[in-house]
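Some notes on the structure that comes next.
Each ligand, and each atom within it, is numbered from 1 in the order the structure gives.
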Amino acid sequence: MFVKWLTKIVFCYKISVYMILKGNDTMGLTLTEKILKAHVVDGEFVKGNEIGIKIDQTLTQDATGTMAYLEFEAIGVPRVKTERSVAYIDHNTLQSGFENADDHRFIGSVAKKHGIYFSRPGNGICHQVHLERFGVPGKTLIGSDSHTPTGGGIGMIAIGAGGLDVAVAMGGGAYYITYPEIVKVELTGKLSPWVAAKDVILEVLRRLSVKGGVGKVIEYCGEGVKTLSVPERATITNMGAELGATTSIFPSDEVTLQFLKAQDRADVWQELSADEDAVYDAEVKIDLSTLVPQAACPHSPDNVKNFEEIGELKIDQVCIGSCTNSSFMDMMKVAHILKGKTVHPDVSLSIAPGSKQVLNMLAQNGALSIMIDAGARILESACGPCIGMGQSPNSKGVSLRTFNRNFEGRSGTKDGQIYLVSPETAAVSALTGYLTDPRTLGEMPAFEMPEHFTINDNMIALPASEEEMDSVEILRGPIIKPYPDTAPLVENIECKVSLKVGDNITTDHIMPAGAKILPLRSNIPAISKHCFAVCDEDFPSRALTLGKSIIVGGANYGQGSSREHAALAPLYLGVKAVLVKSFARIHRANLVNAGILPLTFANEADYDKIGQGDDIAIMGVRKAVEGGVCELTLTNKSKGVDIPVLCELTGRTKEIMLAGGLLDYTRESMK
Ligand code: MIC
Ligand code: SF4
């Protein structure tokens, strides 16, 4: 059955490529449509429809990777079927116990056995390294990390997904998305000196909000595109994740070619752009020359203000790095600003260059010495403070970070005040001790992209050959526990509401990260004890005592990270359904994959008719899902009211739900 399914996928892929080559279209296409259409293998290529696309490349990182590879093992395909799959170690690099080191060894051995490239700890942040060494214009990439759209900077359709979706794609299965709306962002003009790519995406976030991109792909075009380097484009597509967008993409042009040449990879380049007469669903225009430095204020990436609006702001900490802003050029600008100066006495400055390539080049050209001399605390090339792996701020500390998320608690303290800024703003502020406009630095020198990057892929371990793979031993540490138990969808859900939360709940609320909790990523029973710790520390024990329950939430529930743990922990705690005003894309998919029913209020106002502790009943659930009925009635027995709720599941997601989740569904398809 599985083989038949794969054959069908390959056949459909060939047909769709053929149709593209024939020029079967009468209407101009956006770049997104061109790439999607060349990859569609299932579903009708019509707006709003669910479509399955062939995936050329996958990436995982270690915090989601252990689970993704356990799932891949459970699927039982001996060798990945993608053109390139890469496993990165970059998140769980603080080794204060055996857990993380064990997980690294597990991932390394799985990678070797199953045909996956392995980027060893120290080689850098997945998105930065993937852009440098593996990204290919026109290809599709899914990654078990929400910032996978960084690859859009080089002209890929690169999408963040749950680990199980990535495991299925590695096994050769299609990845399913809703055919997106496509938003054109037309860039004109050129950035003023000291205004950065970060200020562009902050402007987009200010205009569109953290919900503005849901169900959409953001496609950049216009004359202004040419003025942005690939790493600058990647900063913009990276943080498009904060819009809730499916992905963001730039054309592949001369600038892309120059970048690939400098990485010795010119052979993978192809020119790609939208047709002149492409039709978009919405348009945004940004004149780059009008932008000014901005900051996203606590606690949301769309709480964007300019410095006048923020006023005087004394700072305690500056962190430079993360997959958003850790490229060689970012670091060179920082070094230029720090040269011959000393970090302000009240400020702690940490810098994490994004990859071994970047760090090595800074060491070779002396920029690293400038940073050290100024008093910067140099961290390894990894996610580090961005995921709360060290460098938590002091009590009520004000921290300027070049990262992409400033959700409450993510820095490792509940009261940290995190502002997201460009590297230029971060560096100058580290010297003055206050949030400072980098334009006060005066004339900006011309920062030129190197013609050739220092290339040494010695920290990327190659997979074993087909002959050797059987003899590779999988190194499994004691922390690793299997995927939680699942069960087919039940007929009636009768239980209590174990938790009620508000709008914009992030996956950092649902399943916090940080140095203490991240090492538990391969052990769902252990990590579940921290579920919703930021909102309600008693939730895990309450849910376990209840045995089964539902969660009620507001709008944009599950925004942020791709971590499927935010679905697997509730699954383990007995959560049967999540009822909200609206969901973020990846989290909703993760719930379905875990076999948890995603429900939305038919009328948002009904949110007020249900409270924590209420007894509820939803009858005939299985029959309704089987019959494709999407409206169900939730009876709130405690309040004596009926609430209409929606359960929108299409053909495939319906089958996944009935089977009890994607793992069971995939196993069944293989029989
Ligand atoms: C994040 O930035 O939140 C993370 C940590 O990279 C996550 C993945 C994870 O939780 O492991 C993401 O963005 O998907
Ligand atoms: Fe790592 Fe932060 Fe990027 Fe997530 S956002 S991949 S934690 S650097």
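Atom 1 (Fe) of ligand 2 has Cys383 SG, 2.3 Å as its closest protein atom, hydrogens excluded (heavy atom only). Of the protein's heavy atoms, Cys386 SG, 2.3 Å lies nearest to atom 2 (Fe) of ligand 2. In this structure, atom 2 (O) of ligand 1 lies nearest to the protein heavy atom Arg410 NH2, 2.8 Å. The protein heavy atom nearest to atom 8 (C) of ligand 1 is Gln61 NE2, 3.1 Å. Counting protein heavy atoms only, atom 5 (C) of ligand 1 is closest to Ile387 CD1, 3.2 Å. Among protein heavy atoms, the minimum distance from atom 13 (O) of ligand 1 is reached at Ser146 OG, 2.5 Å. The single protein non-hydrogen atom nearest to atom 10 (O) of ligand 1 is Arg563 NE, 2.5 Å, given as residue, atom name and distance. Of all protein heavy atoms, the one lying nearest to atom 11 (O) of ligand 1 is Arg521 NH1, 2.7 Å.
Those atoms of ligand 1 that come under 4.0 Å of a heavy atom in Ala63, given as number and element, are 11 (O). Those atoms of ligand 1 that come under 4.0 Å of a heavy atom in Thr64, given as number and element, are 9 (C), 11 (O). The atoms of ligand 2 that sit less than 4.0 Å from any heavy atom of Asp145 are 6 (S). Remark: ligand 2 atoms within the under-4.0 Å shell around heavy atoms of His127 are 6 (S). Numbered from 1 in the order shown, with element, the atoms of ligand 2 that lie under 4.0 Å from a heavy atom of Asn404 read 5 (S). Within ligand 2, the atoms closer than 4.0 Å to a non-hydrogen atom of Ile387 are 7 (S), numbered from 1 in the order shown. Near Cys323, meaning under 4.0 Å from any of its heavy atoms, are these atoms of ligand 2: 3 (Fe), 5 (S), 6 (S), 8 (S). Every atom of ligand 1 is numbered from 1 in the order shown, and the set under 4.0 Å from a heavy atom of Ser562 is 12 (C), 14 (O).
The closest side-chain heavy-atom distance from Phe407 to Pro301 is below 4.5 Å. No side-chain heavy atom of Ser355 sits under 4.5 Å from any side-chain heavy atom of Asn123.
The aromatic ring centroids of Phe453 and Phe259 lie less than 6.0 Å from each other. A centroid separation of less than 6.0 Å is found between the aromatic rings of Tyr557 and His587.
When heavy-atom distances to ligand 2 are checked against a 4.0 Å cut-off, Asp90 has no atom that comes that close, whether in backbone or side chain. Counting heavy atoms closer than 4.0 Å to ligand 1, residue Met67 contributes nothing at all. Of the heavy atoms in Asn238, none comes closer than 4.0 Å to ligand 2.
Around CZ of Arg120, the count of heavy atoms belonging to other residues, nucleotides or ligands within 6.0 Å does not exceed 12. Within a 6.0 Å sphere centred on CZ of Arg206, heavy atoms belonging to other residues, nucleotides or ligands number more than 12. Residue Gln95 qualifies as enclosed at atom CD: its count of foreign heavy atoms under 6.0 Å is above 12.
Using a 3.5 Å distance cut-off with no hydrogens or angles, the side chains of Asn325 and Thr402 do not pair a donor with an acceptor. Looking only at atom types and distance, the side chain of Thr60 has a donor-acceptor partner in the side chain of Tyr69 under 3.5 Å away. In the model, Glu242 has a side-chain atom that pairs as donor or acceptor with a side-chain atom of His147 under 3.5 Å.
Taking 4.0 Å as the cut-off, Met511 does not count as a neighbour of ligand 1 on heavy-atom distance.
Heavy-atom proximity to atom 6 (O) of ligand 1, evaluated over Asp508, Leu518, Asp145, Thr506, is greatest for Asp145. Taking only non-hydrogen atoms, the option from Arg405, Glu564, His565 nearest to atom 1 (C) of ligand 1 is Arg405. Looking at Arg410, His91, Gln61, Met239, it is His91 that brings a heavy atom closest to atom 6 (S) of ligand 2.
Formation of a donor-acceptor pair under 3.5 Å by the Gln317 side chain with backbone atoms of Gln391 is found in this model.
The shortest N or O to N or O distance between His91 and ligand 1 is under 3.5 Å. Residue Ser561 places at least one N or O, backbone or side chain, under 3.5 Å from an N or O of ligand 1.
Asp457 has a carboxylate O that lies under 4.0 Å from a charged side-chain N of Arg133, or vice versa, which qualifies the two as a salt bridge.
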- Item | Evaluation steps, side-chain contact (heavy atoms from CB on, under 4.5 Å), between Thr653 and Glu50 | CA-CA 10 Å; Thr653 43; Glu50 195 186 43; 3.8 Å; yes
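Just one residue in the list Leu349, Val343, Val334 forms a side-chain contact (heavy atoms from CB on, under 4.5 Å) with Val318, and that residue is Leu349.
Here the OG atom belonging to Ser327 is positioned 11.0 Å from the CG atom belonging to Asn238, to the nearest 0.5 angstrom.
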